[in-house]
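Residue numbers begin at 1 in each chain, while the letters A, B, ... track the order of the sequences.
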Amino acid sequence: MISLQEVSKSYKSGEGIFEAVQSVSLTVREGTIHGIIGPSGAGKSTLLRMMNVLELPDQGKVMVGGKDLTTLPEKELRLARRSIGMIFQQFHLLNNRTVSGNVSVPLELAGIGKKQRKERVQECLKFVGLPDKARQYPAMLSGGQKQRVAIARALAHRPSLLLCDEPTSSLDPGTTAEILDVLRHINKTLGVTIVIVTHEMDVVKEVCHAVSVVEQGRLTDGFELEVRPGKSDITQRPSYREQLLGKAGMRDV
Amino acid sequence: MISLQEVSKSYKSGEGIFEAVQSVSLTVREGTIHGIIGPSGAGKSTLLRMMNVLELPDQGKVMVGGKDLTTLPEKELRLARRSIGMIFQQFHLLNNRTVSGNVSVPLELAGIGKKQRKERVQECLKFVGLPDKARQYPAMLSGGQKQRVAIARALAHRPSLLLCDEPTSSLDPGTTAEILDVLRHINKTLGVTIVIVTHEMDVVKEVCHAVSVVEQGRLTDGFELEVRPGKSDITQRPSYREQLLGKAGMRDV
Amino acid sequence: MFDFSLMLEKFMEYRTQIAEAVGETFLMVGISVLAAILLGLPLGTMLFLTAKGQLRENVTWSVILNGFVNVVRSFPFLLLVVFMIPVTRFLVGTAIGTVAASVPLGIVSIAIYARQVEQSLFEVPRGVVEAAQSMGASKLGIVCKFLFVEARSGLVLGLTTSTISFISYSTVMGVVGGGGVGDFAIRYGYQRFETELMAAVIILMIILVQLVQFAGSMISRWLDKR
Amino acid sequence: MFDFSLMLEKFMEYRTQIAEAVGETFLMVGISVLAAILLGLPLGTMLFLTAKGQLRENVTWSVILNGFVNVVRSFPFLLLVVFMIPVTRFLVGTAIGTVAASVPLGIVSIAIYARQVEQSLFEVPRGVVEAAQSMGASKLGIVCKFLFVEARSGLVLGLTTSTISFISYSTVMGVVGGGGVGDFAIRYGYQRFETELMAAVIILMIILVQLVQFAGSMISRWLDKR
Amino acid sequence: QEQQGNAPAAQETENKEVTLKVATLIPPMTEMLELVKPLLKEDGISLELVVLSDNIQPNDALANKEVDANFFQHVPYMNQYNESKNSELVAVQPVYHAVYGAYSKRYKNMEELPEGATIAIANDPSNTGRSLVMLEKAGIIKLKEGVGINATVTDITENAKKFKFEEVDLLMLARMLDDADLVLMTPAYASPLGLTPKKDALLTETTDSAFAITLVARADNQDSEPIKKLAERLSGPEVKQFLETKYSEIAIPAFE
Ligand SMILES: Nc1ncnc2c1ncn2[C@@H]1O[C@H](COP(=O)(O)OP(=O)(O)OP(=O)(O)O)[C@@H](O)[C@H]1O
Ligand SMILES: Nc1ncnc2c1ncn2[C@@H]1O[C@H](COP(=O)(O)OP(=O)(O)OP(=O)(O)O)[C@@H](O)[C@H]1O
Ligand SMILES: [Mg+2]
Ligand SMILES: [Mg+2]
């Protein structure tokens with residue numbers, strides 16, 4: 001599905017050139033969930049943003065679905081991007097649109113009719129557990145709720161490739177598990193390829209088929225993981241107390 | 001140190017009133033690290049923001065260091081806030097100031113001389129592992145780096161109380177461990193009281209002396225935790241591969 | 001300072017002329033606001049898009065469009081009115097009267113509002129544009145569905161400030177017989193030394209400007225959900 | 001359309017007068033820019049701070065300050081100049097000449113820039129103010145160390161646009177003998193039908209405005225690190 | 001009227017030279033003042049022109065003693081001002097007649113003007129009045145009894161051919177020839193278009209007109225030496241010669 005070939009990216013700043021990504025080659029197989037992990041500032045986000053050429057690499061090729069996005073004419077690039085969903089690390093929601101307005105945007109761009117749009121928006125908001133916040137504005141949401149709106153927005157137009165930059169960083173374990181279930185579900189039933197940048201090892205263990213490790217702008221490791229049995233049973237999640245103390249609680253405060 | 005007494009907060013929105021925090025009473029003992037956990041949208045951030053009355057509760061008292069902040073005159077409130085550091089969930093950095101400029105702001109407000117300021121800024125940036133980004137602007141930083149600048153800024157003026165809203169949400173396990181070490185260190189040696197909102201159970205297990213659980217705007221549980229032995233040995237952290245696969249790796253990709 | 005009953009008396013005495021002048025002002029300013037929205041908004045958007053580091057960075061167009069705006073704004077307004085007489089005559093058939101006066105006024109309005117638009121768009125966070133691009137939005141889509149949405153409160157405030165400028169500019173349209181409240185105040189009040197009448201008319205203008213500003217601020221605040 | 005060599009010739013013929021006019025324009029616009037920064041900036045900041053939902057929300061002051069700005073902007077500029085003659089005479093000892101002309105121009109400048117400042121401050125994200133408050137910053141600290149820092153590129157762009165407005169307003173200061181380039185163009189070029197001279201002077205004004213806009217845009221872009 | 005730091009009228013300088021400030025508007029007035037400047041120098045008077053671009057301010061400035069005299073208006077206009085502002089401006093010396101004329105691009109004489117034709121006149125009170133009075137004298141319209149120079153368009157009582165009046169700025173009149181059927185203006189504005197009252201006007205003012213452009217001062221300084229000198233120079237042979245050579249068609253000396 002995706003094949004980065006020797007991509008590099010450097011930034012000029014006052015004190016010289018900073019090489020954020022240095023000739024990384026990476027393949028994401030169609031239909032898999034691929035994790036990208038590594039320390040803070042390693043270049044994970046930069047790498048992910050190259051996969052839909054939001055960040056144009058200084059050199060190297062970005063092959064997605066057989067096309068080199070770096071050389072694609074603008075119009076075709078736009079079309080290609082329509083089938084790629086993206087969840088940004090900082091969400092990038094539209095503050096002047098309601099939650100449902102935000103989720104609806106990619107559908108409007110795809111020219112989908114009002115009624116269908118409304119249905120799909122509701123559906124996506126249900127996926128992320130926010131159907132009751134549909135008419136709120138982002139400023140009224142908690143951090144995790146904003147993140148979930150961003151997820152719903154990325155799912156709305158049924159992309160065939162989903163790029164997620166730390167999609168569960170603001171979510172508690174319970175909500176994280178729910179979101180991961182959604183991702184696993186669309187991956188399994190619809191064959192959506194998913195790339196997840198994350199620093200939560202549990203997330204990687206839970207859903208990823210393969211992992212790439214990025215450190216200081218270089219790809220330092222890459223391996224496959226055993227696929228998990230499937231849907232985790234949310235109803236049986238231990239309580240916070242149990243998670244922290246085991247079955248037997250301690251002194252109360 | 002902190003004692004919230006029956007605080008409540010509700011928001012008016014188009015569809016009626018939303019009760020974000022409902023008569024929560026909570027005590028944070030001086031010199032402890034106190035965790036606040038709970039699902040997304042539970043009211044954790046709102047609760048934390050009440051502790052320096054950035055969010056004025058609709059009712060209830062906010063006692064910090066023996067004073068009720070809700071009734072303090074503006075000038076005294078300002079002084080009280082000077083000894084409270086805060087790390088925001090969305091960082092709230094100044095985009096038009098460099099990294100060191102950001103960390104320096106609370107020192108400037110406290111009227112500290114230029115030379116001392118410079119030293120302290122360098123020191124704080126070292127704490128969070130960003131000494132080489134001092135002259136960059138926030139827009140040039142990765143998500144985790146921004147978060148670490150926010151942490152450095154909150155530490156700069158040596159607060160006696162530190163309010164942290166998911167301070168490690170964008171950090172990888174290694175960096176998280178480092179930051180937690182810093183927090184543990186200032187807690188132990190300087191006696192700084194720390195409140196941490198988080199959804200990472202590992203963070204709670206690692207540093208918290210006590211935990212409050214918030215769900216749907218209510219305090220649903222609260223308990224103490226056994227204190228950990230201390231500084232984790234970072235140099236011996238397992239590699240990403242080991243964390244995910246155990247000592248023996250699997251097929252490479 | 002002023003005798004209010006005398007002011008009222010004068011006002012009543014001249015009420016038909018004042019009503020006519022108010023109508024002229026509304027016509028001139030109305031046309032200008034329309035021109036600002038229909039042409040100033042796109043022009044300002046183009047100024048923004050073609051600027052350095054923006055979506056459609058293009059030095060040539062940037063220079064041309066900036067040039068146009070700067071040239072219009074450089075002209076002493078009176079001379080612009082004169083320079084434009086042939087254009088005005090071509091467009092509306094005559095160079096005298098309220099409608100004719102609206103032509104140069106409209107041109108200035110376009111230039112003034114375009115700058116405000118440009119400035120408001122510069123305030124939109126970059127992330128918004130990135131989100132738009134990641135969804136494969138066309139340039140037009142980015143502008144309409146993202147930039148305008150996020151900048152809307154600024155766009156409205158800018159239009160408010162601009163409209164008040166248009167009212168201010170319209171007061172000198174007496175030179176080509178444009179009329180209007182400001183011209184009325186100058187001609188009847190100032191030149192004929194009817195101080196009370198002038199004061200009354202100026203109070204009318206103050207009310208008008210207050211209303212515009214108040215409405216603009218309200219709408220802007222209401223549109224701002226950030 | 002124009003004969004450039006003739007223009008140049010005329011320009012050279014009148015160069016001392018033109019130089020003098022340029023000096024007058026610089027003086028008037030310079031004083032206005034100074035007034036805008038020294039008084040318009042604080043006024044605009046107060047407009048922002050006292051507005052609904054802001055840091056120093058205060059209906060009374062908000063109404064008073066908005067009232068002042070709106071009243072100044074409501075006056076047909078010519079009448080403002082006339083109205084202010086006693087004030088001008090009190091401040092600078094005379095009501096005629098370039099320095100005297102700077103007084104009403106300065107007042108209008110303050111009002112115009114205040115609105116731009118208000119608008120720019122509205123664009124600063126709320127989180128910035130929250131961060132400032134959490135650090136126990138005083139109101140003045142919030143304004144100087146946070147709001148102005150984050151709004152600075154907008155403040156500069158606003159000052160640029162305003163300065164060009166001041167240049168434009170200065171062209172009518174001939175009424176009280178203010179002189180300046182615009183007045184020169186009107187007087188010599190328009191009234192005496194020295195079309196080439198007028199064109200030459202207008203080109204001078206265009207260059208001046210272009211320079212102001214270019215410098216303003218550059219500085220603004222350079223200050224913008226978002 | 002309160003005076004604050006007001007420059008005293010004719011100021012004595014060190015070398016006994018007197019500065020005389022005179023407010024004025026446009027050529028040929030400015031040119032005539034420039035012409036007498038060196039002449040006054042010989043009399044020990046330094047003439048300073050204060051060029052304004054509005055026809056109230058020169059009188060305001062004179063009344064407020066910011067200038068010592070002005071030179072831009074005719075006596076009826078001055079009287080209008082005095083009446084309204086209770087000031088004591090006085091005519092010192094009439095200098096030249098500028099004969100108002102009615103010009104047209106489309107028609108050769110008044111009879112050709114069709115019904116409903118547009119007539120452009122100046123929009124400032126004195127010139128509006130002057131234009132209307134001129135039309136009344138020519139029998140084209142009738143005005144309300146006794147309004148005279150104060151006439152406005154609303155004072156027209158009879159308008160047989162239903163002419164439409166458009167009031168535009170003085171400065172705009174010349175440009176209105178293309179738009180209006182008839183334009184009434186002074187020679188100062190007509191001459192740049194190559195139009196002179198004698199040759200081209202369909203209608204002119206009667207020459208005994210009271211509208212001679214006059215040097216005006218205040219009651220308190222009209223008899224001062226410098227003002228007298230200025231009046232003398234403005235009605236001197238140099239000015240006469242200047243008018244006759246450069247403005248023969250449009251400005252007729254109003255002195256012997
Ligand atoms: N201005 C507001 N208007 C309306 N509702 C609000 C507003 N601010 C917060 N809320 C609501 O209050 C609730 C609590 O928000 P809060 O930010 O405290 O959650 P949180 O526990 O920090 O969640 P997260 O872990 O996702 O950050 C949310 O459901 C949110 O929608
Ligand atoms: N515009 C820029 N100018 C200069 N340096 C930049 C710029 N953008 C990114 N960088 C640098 O590139 C490096 C990689 O950034 P990136 O955002 O890809 O990191 P990351 O792996 O996503 O980190 P995190 O986990 O903290 O989000 C960082 O060190 C950052 O400072
Ligand atoms: Mg990142
Ligand atoms: Mg939160």
Discussion item. Quick check against the 3.5 Å criterion: does A:Arg97 have a side-chain atom that pairs as donor or acceptor with the backbone of C:Val149?
Written reply: no
Worksheet item: Are any side-chain N or O atoms of A:Lys133 and backbone N or O atoms of A:Pro138, one a donor and one an acceptor, separated by less than 3.5 Å?
Response: no
Worksheet item: With a 4.0 Å cut-off, would you call A:Arg49 and C:Glu130 a salt bridge?
Response: yes
Worksheet item: Taking NZ, NE, NH1 and NH2 as the nitrogens, is one of them in A:Arg120 or A:Glu123 under 4.0 Å from a carboxylate oxygen of the other?
Response: yes
Worksheet item: If you tally heavy-atom pairs under 4.5 Å against chain A, which of C:Pro125, C:Ser153, C:Ser138, C:Gly141 wins?
Response: C:Ser138
Discussion item. Quick check for you: among C:Lys139, C:Arg226, C:Met135, C:Lys145, which has the greatest number of heavy-atom pairs under 4.5 Å with chain A?
Written reply: C:Met135
Discussion item. Please rank A:Ile84, A:Val105, A:Asn52 by heavy-atom pairs under 4.5 Å with chain C and give me the top one.
Written reply: A:Val105
